[in-house]
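Structure, as structure tokens:
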2 protein chains.
Amino acid sequence: MAEKQISIRDVAALAGVSVGSASRVINGAANVTPDVRERVDRAIAALRYRPNHAAQSLRSRTSKTIGCMFSDVANPLYARAFRALEEHFRREGYMLLLANGLNDAEREIDIIQTFQLRGMDGVILAPGNERHPGVLDAVRRLSMPAVIYDRDLAVDADAVLFDHVAGVKAAIHHLVELGHTRIALALWQVKSRPVRRRIEGYKAAFKAAGLPVPDLILQEPTPTSSAFDDVTRLLQLPDPPTAFLAQGTHTLTSTLRAIAKQGLRVPEDVSVIGIGDTDFAQTYDPPLTVLRTPTDEVAAHAVEMLLSRLAAKGDASLSPRKALIQFDLILRESCAPVARH
Amino acid sequence: MAEKQISIRDVAALAGVSVGSASRVINGAANVTPDVRERVDRAIAALRYRPNHAAQSLRSRTSKTIGCMFSDVANPLYARAFRALEEHFRREGYMLLLANGLNDAEREIDIIQTFQLRGMDGVILAPGNERHPGVLDAVRRLSMPAVIYDRDLAVDADAVLFDHVAGVKAAIHHLVELGHTRIALALWQVKSRPVRRRIEGYKAAFKAAGLPVPDLILQEPTPTSSAFDDVTRLLQLPDPPTAFLAQGTHTLTSTLRAIAKQGLRVPEDVSVIGIGDTDFAQTYDPPLTVLRTPTDEVAAHAVEMLLSRLAAKGDASLSPRKALIQFDLILRESCAPVARH
DNA sequence: CTGAAAGCGCTAACAC
DNA sequence: GTGTTAGCGCTTTCAG
């Protein structure tokens, strides 16, 4: 267990070279004689030498670590995002520190500060509190590159943003084409970028279609409440919605339950489109039409943004870049022409 | 942005004390005069000083970081486990490095070695490959305390293990009490501890009840296949199962879909118990009876094990401890007495 | 291309 | 109780 740590000195000694040369070999520097390189490599293997990460960090001022803060990985959409990010960063030798902000401003501030403190090489942030002065301040104070993940944060940082407006418009358009006009939008309580933009897209879609915007936007009143009651109420209206656009996992599930409970069928009686693709949406009966975010593309963007800034050594001349990611409307079997009766 | 880094030297200088004293104040050492403490604190505040984490790690040989390797955070059960672990470790000032092993041995080995390399203070591991020599070797080589998360690994490490046998027995017992004997068990493909133990518990339960063990264990053949076809086949048998015990998220979902597709109702025609509690199980119609693991208790155990070893400074005299965690059978509405016809 | 030497910022002995 | 000092293990000038 406690075999004393082998240092680069031991390697250099065994290889009969200087510490400097050993370091060059380890870091794959160009100017090294094949002979030296081989002797060092042999010594490394013989001693089972592994460089000390803390020392490398201290000296080189890079930690090869990226900090990620999402609201909650228990949300499958964030879990997927994390997976994709991990995949890309792994290839470049980075590891990920993950922290859940839980939409709690104090906690978010604390996490951001800790990332700073621990010298992350970069961070990916999705704070729930987009206008909280403390959060903004913490982000602004960051000395490493940051990528904001689908949030409207008034800071000078790169961002990957989903084009919710276009996505929702496409979904509504699809439903309108099928003859629907009474289309409800079921959202989660929190009023962060995704929710705000979806509402915006919803209104824009109806205007674009020359239709009045229906009063059918649902927002769950508390974090623990579900859309179930609201959807039920809507369905009992004299002129009930014939289609639903429902976000996420929890809201979508509640919406579907409420529909089933009213004895209505999808898609014969009610059409449904989910926002965000999950196992659930794919395996539901019927499989659900959804707006899907290209997880891998998103991760690729975020990683590229971070790495290029890292390569630029913090050269502040690069102005902030925003990647606007489009949703794909994945047609499955949960939408049908409106039933006229 | 690039305000030059403030060091403990600057703090000491401003406070008019030595770096040693400054360090003591920062680390909350006992023997410091209130006067010195105050001056240092004031200097820290004035300079907005933040200690350099890499330097602290290098010198103190602790990183205040825990490595977590699960199969896949996209599995909501692991996501919850992570959340709970984060909660406990946060309080103690630790952050978590998360990596997904994806049941790939090479990847798992690489992750474990990286944890070692980066000097994690402790690790929590759930490798999918429990008997892979390389994985075992990597775990054995670890110089920091490890907690094995519900895996049967032949290593000298602490472990948190779920009592699947007792859990499944309780579930089967419940169904037997309701008159069921044709009870199927739907599992995922991978043959790691949870799956093996559940099969064991299944058989034990029938033996304990004095009943023959039915030939109704389903294992999905490939990672991408679903239990759907197998469940469908079973339901079309002349003597179909009247109850299902289905694990996880994916398997459970497929099982329910197959049941619905056959025009059968839960619980009137078929009773269902899930293994693992999720939003899905709670919001399904009807809400599902499940075997639930006390996530928070599990995390508390794991954290306690790790921290106590850390406190013992690697004193190897503590023999490995195993915590056996019991499932709770949460009764909801998916089980009913067997329908006799 | 290689070696020597100077620290990165901090903590932990050890004197005082 | 406080100051001094010696490194932790590594990378990175800077000579040669």
Side-chain angles (χ1 to χ4, degrees), chain A residues 2-41 43-44 47-65 93 116-119 121 143-144 313, chain B residues 2-41 43-44 47-65 93 116-119 121 143-144 313:
Chain A
E3 12 174 305
K4 67 153 70 70
Q5 164 126 15
I6 296 141
S7 93
I8 195 170
R9 259 184 256 286
D10 304 310
V11 173
L14 182 60
V17 300
S18 73
V19 185
S21 295
S23 174
R24 271 169 226 127
V25 173
I26 291 162
N27 295 294
N31 39 352
V32 182
T33 314
D35 171 50
V36 171
R37 164 155 290 134
E38 196 193 307
R39 278 155 60 203
V40 172
D41 281 336
I44 288 174
L47 297 172
R48 298 182 144 280
Y49 166 76
R50 312 267 62 192
N52 178 303
H53 187 255
Q56 288 184 314
S57 297
L58 175 58
R59 194 54 237 241
S60 65
R61 313 201 146 289
T62 83
S63 60
K64 283 292 193 179
T65 310
Q116 169 67 27
L117 207 72
R118 292 187 170 223
D121 287 350
S143 62
M144 70 285 286
K313 304 258 181 205
Chain B
E3 14 174 301
K4 69 154 67 71
Q5 165 125 12
I6 295 139
S7 93
I8 195 170
R9 259 183 255 285
D10 304 310
V11 172
L14 181 61
V17 301
S18 70
V19 286
S21 294
S23 174
R24 271 169 225 127
V25 172
I26 291 161
N27 295 292
N31 38 353
V32 181
T33 313
D35 172 48
V36 170
R37 163 155 291 133
E38 196 193 307
R39 277 155 60 201
V40 172
D41 281 337
I44 289 174
L47 298 171
R48 298 184 143 281
Y49 165 76
R50 310 268 62 193
N52 177 304
H53 188 253
Q56 288 183 313
S57 296
L58 175 58
R59 191 58 237 239
S60 66
R61 315 201 144 289
T62 92
S63 60
K64 283 292 194 176
T65 310
Q116 169 67 29
L117 207 73
R118 291 186 169 225
D121 287 348
S143 63
M144 70 284 287
K313 304 257 181 203

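Model, not experiment: these values are computed from the prediction. Chain letters run A, B, ... following the sequence lines, proteins first and then strands; every chain starts at 1.
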(Q) If you compare all heavy atoms of B/Y49 against all heavy atoms of B/I8, which two are closest, and at what distance to 0.1 Å? (A) CE1-N, 3.6 Å
Q: Could you pick out which residue, B/S60 or B/P34, lies toward the 5' side of DNA chain D when each is mapped onto its nearest nucleotide?
A: B/P34
**Q.** Distance, rounded to the nearest Å, where B/I8 contributes CD1 and C/dT11 contributes C1'
**A.** 8 Å
Q.
Regarding C/dG9, can its base be found pairing with the side chain of B/R59 as donor and acceptor, where the two atoms are less than 3.5 Å apart?
A. no
Q | Overall bend - the helix from C/dC1-D/dG16 to C/dC16-D/dG1, comparing terminal axes fitted on five pairs, nearest 10 degrees | A | 30°
Q.
What is the distance, to the nearest angstrom, from the CG atom on B/N52 to the P atom on C/dT11?
A. 9 Å
Q. Rounded to whole angstrom units, what separation is found between the CZ atom of A/R118 and the C1' atom of C/dG9?
A. 16 Å
Q: Between C/dT11, C/dC1, D/dG1, spot the one nearest the side chain of A/N31, thanks.
A: C/dC1
Q: Could you tell me the separation between the NE2 atom of B/H53 and the P atom of C/dC10, rounded to a whole number of Å?
A: 12 Å
Q | d(CZ, A/R61; P, D/dT11) in whole Å | A | 14 Å
Q: Go through C/dT2, C/dC10, D/dC8 for me and flag the one nearest to the A/R9 side chain.
A: D/dC8
Q. Where along residues 18-29 of chain B does a heavy atom come under 4.0 Å from DNA chain C, residue by residue in number order?
A. B/G20, B/S23, B/R24, B/N27
Q) What's the CD-C1' distance between B/Q56 and C/dA12, to the nearest Å? A) 14 Å
